[in-house]
Amino acid sequence: MIRIAVQKSGRLYEDSVSLLKECGIDLRNVKDRLKTVSENFPIEVLFLRDDDIPEYVEDGVADIGIVGQNVLGEKNRNVSMVEQLGFGKCRLSIAVPKSMSYTSIKDIEGKRIATSYPKLVKSYLDQHAVNASIHEISGSVEIAPGIGLSDAVADLVSSGGTLFVNGLREVETILESQAVLISNLKLDSTKLSILEKLLFRIRAVKKAQKSKYVLLNAPNEKLDSIIKLLPGMRSPTVLPLAESGWSSVHCVLSESEFWNKIEELKMAGAEGILIVPIEKMIL
Ligand code: PRT
Ligand code: ZN
């Protein structure tokens, strides 16, 4: 049995629980529970505040956990970062009032910065040899300059909407963050092998999320030029259509190259292009 700590409620909760479910792990009655055991995978899930997860994983109360890199960096606990999970993306940034003139981090010298991430901010300022006074506050950081509590803030940003409505301008990125899987440093061999199984599934789910299955029809004389455009796990599948002289081509395209490839395929004579999501991908 392995114990995983995930956020009890908040921005990482839904994605963390969905990831485990997509890995085929049955989790019943997760709402409002402190812990639950899966019936089809040797895992117990503990629901905790995200701030406590690095410490509990370090101490071995939980063996592994899902937490944002921002929290991991701030708490600076002795755990290993096993895998980036691709959700909960945000950045820790410094922002200043729109009216403040700003050309470089040197403009922060002697200023007051409000943040919930004092350690990360301090180490960024130290790296740039800037002295500023850091005011730790636990929430609603973005209102601090407006009420005269600080001259600048360092807060998490995703869309930038919160900074914008508070009259703030993002000027420096301290850290790019996403949810990561972390692990205790001294897992025994049984737990390590369960972690390996879990990671294998997580990677298959992540890979599938980044890929699409594409089916298209093409006249046989255009097949060569179409196939040249396609990557494949080995090579694309080509099947004859009922109508003679035509074939159906199937392949997997990754998200990054997807739209360009579709354009190129159309130009090369592909018709009736169908794009289908992939549930899991085992390579
Ligand atoms: O109760 P608990 O302590 O567990 O939760 P919490 O309130 O500390 O954290 P929560 O649920 O707000 O966030 C959990 C994690 O989600 C964070 O540690 C980040 O890793 C990640 N995450 C991703 C974010 C955001 N995006 C985010 N946008 N966390 C917070 N925000 C906030 C930000 O603080 C600001 O107030 O959203 C606002 C900015 O959003 P935009 O879209 O307006 O830029
Ligand atoms: Zn928190």
Side-chain angles (χ1 to χ4, degrees), residues 11-12 14-24 66 68-70 72 81-93 95 156-164 169-181 198-283:
R11 289 170 191 261
L12 301 182
E14 293 281 348
D15 286 327
S16 303
V17 170
S18 316
L19 176 66
L20 295 176
K21 288 186 175 168
E22 282 165 42
C23 287
I66 297 178
Q69 283 168 297
N70 51 310
L72 186 61
M81 208 261 265
V82 183
E83 182 86 359
Q84 292 188 315
L85 300 175
F87 60 83
K89 286 188 177 167
C90 59
R91 52 198 186 271
L92 178 64
S93 291
L156 299 178
V157 184
S158 46
S159 67
T162 304
L163 293 183
F164 183 81
R169 177 164 64 103
E170 193 177 352
V171 291
E172 302 280 335
T173 303
I174 296 175
L175 175 84
E176 295 280 354
S177 176
Q178 60 177 281
V180 288
L181 185 69
L198 178 65
L199 262 179
F200 177 80
R201 296 187 187 190
I202 288 176
R203 287 176 183 149
V205 170
K206 273 175 58 187
K207 185 99 189 127
Q209 283 166 349
K210 286 201 187 133
S211 306
K212 299 278 180 239
Y213 195 71
V214 177
L215 304 93
L216 58 88
N217 295 335
N220 288 346
E221 67 272 15
K222 298 199 170 150
L223 275 181
D224 277 351
S225 51
I226 286 179
I227 288 169
K228 277 201 198 96
L229 293 171
L230 297 175
M233 280 215 265
R234 296 247 181 268
S235 58
T237 309
V238 180
L239 301 166
L241 287 184
E243 188 179 338
S244 75
W246 282 76
S247 298
S248 166
V249 180
H250 302 190
C251 70
V252 174
L253 286 185
S254 77
E255 205 174 49
S256 56
E257 60 183 356
F258 182 73
W259 288 109
N260 287 338
K261 279 283 179 223
I262 296 291
E263 286 301 315
E264 289 174 25
L265 289 168
K266 276 170 67 184
M267 304 277 281
E271 292 181 15
I273 304 175
L274 275 184
I275 295 139
V276 188
I278 299 173
E279 192 168 318
K280 311 274 190 297
M281 232 166 110
I282 320 279
L283 298 180

Chemist: Is atom CZ of Phe164 surrounded by more than 12 heavy atoms (other residues, nucleotides or ligands) closer than 6.0 Å?
Modeler: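 Atom CZ in Phe164 is not crowded, with 12 or fewer foreign heavy atoms closer than 6.0 Å.
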Chemist: Kindly indicate whether the side chain of Glu255, heavy atoms from C-beta on, has any atom under 4.5 Å from the side chain of Lys212.
Modeler: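 Contact flag for Glu255/Lys212 side chains = no.
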Chemist: Can you check whether Asn70's main-chain N or O pairs, donor with acceptor, with Ser177's side chain at less than 3.5 Å?
Modeler: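 Between the backbone of Asn70 and the side chain of Ser177 there is a qualifying donor-acceptor contact (under 3.5 Å).
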Chemist: Please answer whether the main-chain N or O of Gln178 pairs with a side-chain N or O of Gln69 as donor and acceptor at a distance below 3.5 Å.
Modeler: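 At least one qualifying donor-acceptor pair exists.
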Chemist: What's the separation between atom CG in Leu156 and atom SG in Cys90, rounded to the nearest 0.5 Å?
Modeler: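 Atom-to-atom, Leu156:CG and Cys90:SG are 4.5 Å apart.
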Chemist: Quick test of your reading: applying side chain to side chain donor-acceptor pair (under 3.5 Å), list the pairs with at least one residue in residues 266-279, sequence neighbours left out, ordered by first then second residue.
Modeler: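 Counting only pairs at least two positions apart or across chains, no side chain to side chain donor-acceptor pair (under 3.5 Å) contact touches residues 266-279.
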Chemist: Calculate, to the nearest 0.5 Å, the distance between atoms CD1 and CD belonging to Ile202 and Glu22 respectively.
Modeler: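 Going from the CD1 atom of Ile202 to the CD atom of Glu22 covers 10.5 Å.
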Chemist: Roughly how far, to the nearest 0.5 Å, is CD1 of Ile273 from CG of Leu265?
Modeler: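 Going from the CG atom of Leu265 to the CD1 atom of Ile273 covers 5.5 Å.
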Chemist: Around atom NZ of Lys207, are there more than 12 heavy atoms of other residues, nucleotides or ligands at under 6.0 Å?
Modeler: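 Not buried by this count: 12 neighbours or fewer within 6.0 Å.
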Chemist: Who passes side-chain contact (heavy atoms from CB on, under 4.5 Å) against Lys280, sequence neighbours left out?
Modeler: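 In terms of side-chain contact (heavy atoms from CB on, under 4.5 Å), with neighbours along the sequence ignored, Lys280 is linked to Val205.
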Chemist: Counting only heavy atoms not in Met81, do more than 12 sit closer than 6.0 Å to its CE atom?
Modeler: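 Result for CE/Met81: enclosed.
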Chemist: Heavy atoms, side chains only, cut-off 4.5 Å: are Leu20 and Leu198 in contact?
Modeler: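 The answer is yes; the side chains approach within 4.5 Å.
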Chemist: With sequence neighbours excluded, tell me which residues meet side-chain hydrogen bond (donor to acceptor under 3.5 Å, both in side chains) with Ser159.
Modeler: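 Per chain and number, Ser159 pairs via side-chain hydrogen bond (donor to acceptor under 3.5 Å, both in side chains) with no residue.
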Chemist: May I ask you to test the Leu216-Ile226 pair for a side-chain heavy-atom distance under 4.5 Å?
Modeler: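 In contact.
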